[in-house]
Amino acid sequence: MIDPKLLRQSTTEVAANLARRGYVFDAAAYLALDEKRKTLQVETQRLQSERNASAKSIGMAKAKGEDIGPLLAAVENLGSELAKSEAALQDVQDQLVDIELDLPNLLDASVPDGKDENDNVELRRWGKETEFSFKVRDHIEIGESLGMLDFDAASKISGSRFLVMTGALARLQRALIQFMLDTHTIEHGYTETYVPYLVHGHALVGTGQLPKFEEDLFKTDGETPFYLIPTAEVPVTNLVRDTMLEADQLPQHYTAHTPCFRSEAGSYGRDTRGMVRQHQFEKVELVHFVAADESMEALEALTGHAEAILQKLELPYRVVALCAGDVGFGAAKTYDLEVWLPGQGKYREISSCSNYNDFQARRMKARRRNPDSGKPELIHTLNGSGVAAGRALIAVIENYQNEDGSIRIPSVLQPYMAGAELIAKP
RNA sequence: GGAGAGGUGGCAGAGCGGUUGAAUGCACUGGUCUUGAAAACCAGCAAGGGUUUAUAGCCCUUCGUGGGUUCAAAUCCCACCCUCUCCGCCA
């Protein structure tokens with residue numbers, strides 16, 4: 001959520017910033033509605049003040065044993081008048097909140113201009129695109145011919161966009177997850193967390209998936225519905241919901257492995273083949289809670305931690321700064337890590353690292369006490385994939401393939417594979 | 001699933017229809033004392049919003065959430081959410 005004060009006082013600047021995303025903010029309508037709110041609020045508060053004063057004097061009169069009849073008569077109509085005014089105010093305030101929850105975050109000034117992913121700016125590359133002396137296969141071909149990847153079985157059970165893995169391939173994904181968690185906790189100082197995979201709606205409002213993107217989520221149909229988490233970002237970031245942190249409690253760094261569930265509504269026809277886009281996938285997430293003036297540095301650090309995983313796996317990748325039109329709803333700035341997939345002959349997103357500044361903190365009421373002023377202020381939140389395990393698995397399969405269809409196991413993963421160096425057909 | 005208890009300020013914890021935005025303690029801030037620190041003592045200290053040049057005043061809201069009763073609700077009633085204890089069931 002954007003600071004409502006900023007929205008009112010610098011409406012033109014806000015609208016201009018949002019326009020960079022291609023978002024049209026009807027500033028005039030918002031300001032008109034806010035004017036209405038002001039009028040109603042002043043009137044409502046006047047009536048409330050009147051009610052409070054009369055209730056107080058009735059109380060005092062009664063205490064003195066005076067006749068309160070005339071006083072009661074004087075406030076006869078106040079109640080209904082106040083109720084009417086309060087209802088009207090509530091209605092306008094609800095409308096304002098609806099607008100505010102719908103607004104994406106303001107972009108950081110350093111975000112490059114652009115309309116869509118074609119305008120993203122490549123910042124750097126690491127590693128050389130893997131070369132092969134034979135005709136490369138994609139992960140589907142390799143996995144299926146090994147007999148360890150079975151989309152037909154998955155579709156019998158759950159339909160499309162699911163997969164079944166068996167044997168060494170299933171283990172390799174587990175190895176990847178273990179390796180990532182160990183690296184982040186031991187080398188990068190993160191705290192490992194285990195969190196719920198089912199969450200209440202308010203948690204998703206806090207991180208920004210709701211109310212706008214409900215169609216992307218899976219939801220249970222009980223009386224109080226649960227949502228399946230689309231990313232560990234949701235439960236982990238909500239750890240600071242409604243909290244007041246002391247200055248010495250920041251920064252905080254958390255990592256968590258969770259499955260992620262996404263309806264992928266609106267992506268029909270995209271990545272229908274293979275395991276690139278699934279309803280269920282595994283991911284290791286990184287989350288930072290920092291003081292407001294430290295979030296840009298934290299974004300660089302967090303991105304570096306995700307990069308370290310790809311470097312240790314010796315997977316070629318590039319870092320891309322998302323352009324204005326491609327930065328996600330709640331983010332102020334985002335770097336994507338794109339890994340080289342020989343099977344597709346292109347770089348594909350494997351991690352997305354974002355600074356949300358106070359956007360989520362405002363929705364969640366996550367604050368710290370400023371050590372200088374002693375006053376509460378919103379903290380900044382960041383998150384990034386460190387990295388997506390399913391896609392990392394694809395990258396390993398395709399980059400480490402041999403001509404005979406076997407897969408070499410990256411050296412950092414071998415300890416997690418009981419020392420094995422190769423995955424071959426059993 | 002059954003029975004019970006409870007959700008109050010940064011934390012702990014009183015209040016249980018009227019002048020209570022809320023006792024007290026801790027934490028925090030300032031001061032006295034001290035060579036300095038600690039202790040002791042004194043003082044201050046909720047958040048959000050409106051009005052405003054104002055971080056000055058004044059006003060409003062907030063005691064889990066939403067509704068209701070009342071001139072007046074932290075206090076009474078209803079529903080929901082959450083937490084804890086015991087019993088049952090269960091990986």
Side-chain angles (χ1 to χ4, degrees), chain A residues 1-10 30-31 33-97 99-101 194-206 210-211 219-220 222-227 235 238-250 252 289 291 358 361-379:
Chain A
M1 203 152 102
I2 298 172
D3 184 357
K5 215 174 261 173
L6 194 70
L7 223 44
R8 262 175 264 146
Q9 291 170 354
S10 314
Y30 180 82
L31 287 177
L33 195 59
D34 191 57
E35 275 307 313
K36 214 166 141 190
R37 187 217 93 231
K38 258 187 217 174
T39 313
L40 282 167
Q41 186 161 347
V42 168
E43 172 63 6
T44 304
Q45 292 189 352
R46 208 206 84 230
L47 291 167
Q48 285 170 330
S49 176
E50 203 176 307
R51 177 205 58 199
N52 292 346
S54 61
K56 207 172 261 190
S57 53
I58 289 170
M60 288 198 285
K62 217 175 161 185
K64 283 190 236 160
E66 291 167 9
D67 175 23
I68 58 168
L71 287 169
L72 288 181
V75 293
E76 211 184 340
N77 296 319
L78 191 60
S80 63
E81 215 179 313
L82 178 58
K84 230 172 77 187
S85 185
E86 279 176 339
L89 176 63
Q90 190 61 53
D91 181 55
V92 171
Q93 275 174 336
D94 288 348
Q95 288 181 54
L96 284 168
V97 169
I99 294 173
E100 287 159 9
L101 285 177
Y194 173 78
V195 290
Y197 303 161
L198 296 170
V199 297
H200 280 151
H202 62 76
L204 287 148
V205 172
L210 287 180
K219 185 183 182 182
T220 64
E223 217 175 301
T224 309
F226 286 109
Y227 292 88
N238 272 279
L239 287 173
V240 285
R241 153 177 295 276
D242 282 325
T243 55
M244 175 74 79
L245 298 160
E246 295 304 326
D248 61 3
Q249 291 179 282
L250 289 177
Q252 293 182 14
F289 303 134
D358 61 10
R362 181 170 290 108
R363 288 170 168 239
M364 289 190 306
K365 248 182 95 189
R367 296 170 299 171
R368 66 167 320 217
R369 196 171 287 287
N370 184 304
D372 299 321
S373 66
K375 291 285 167 199
E377 64 182 21
L378 295 169
I379 64 164

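Sequence lines set the chain letters: A, B, ... in the order given, protein chains first and strands last, and positions in each chain run from 1. What you see is a predicted model, and the numbers here were worked out from it, not measured in a lab.
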Whole-Å P distance, B/rG6 and B/rC78: 14 Å

Taking only side-chain nitrogens and oxygens of A/R51, does any of them come within less than 4.0 Å of OP1 or OP2 of B/rU61? yes

So what does A/R362 touch, heavy atoms closer than 4.0 Å: a base, only the sugar-phosphate, or nothing? nothing

Side chain of A/Q48 only, please: which of B/rC71, B/rG10, B/rU61 is the nearest? B/rU61

Touch check for A/K375, heavy atoms < 4.0 angstrom, all strands: base, sugar-phosphate only, or nothing? sugar-phosphate

Can a side chain N or O of A/N52 be found less than 4.0 Å away from OP1 or OP2 on B/rC60? yes

Looking for any heavy atom pair under 4.0 Å, which part of the strands does A/R8 touch: base, sugar-phosphate only, or nothing? sugar-phosphate

A/E43 and A/R46 ion-paired at < 4.0 Å: yes

Does a nitrogen or oxygen in the side chain of A/S54 sit under 4.0 Å from OP1 or OP2 of B/rC71? no

Of the listed nucleotides B/rC81, B/rA47, B/rC60, the one nearest the side chain of A/H200: B/rC81

In whole Å, measure the gap between the P atoms of B/rC26 and B/rG13 for me. 15 Å

Look at the side-chain N and O atoms of A/R46 and state whether any lies under 4.0 Å from the OP1 or OP2 oxygen of B/rG50. no

For B/rG18 and B/rG2, measure between their P atoms and round to the nearest Å. 37 Å

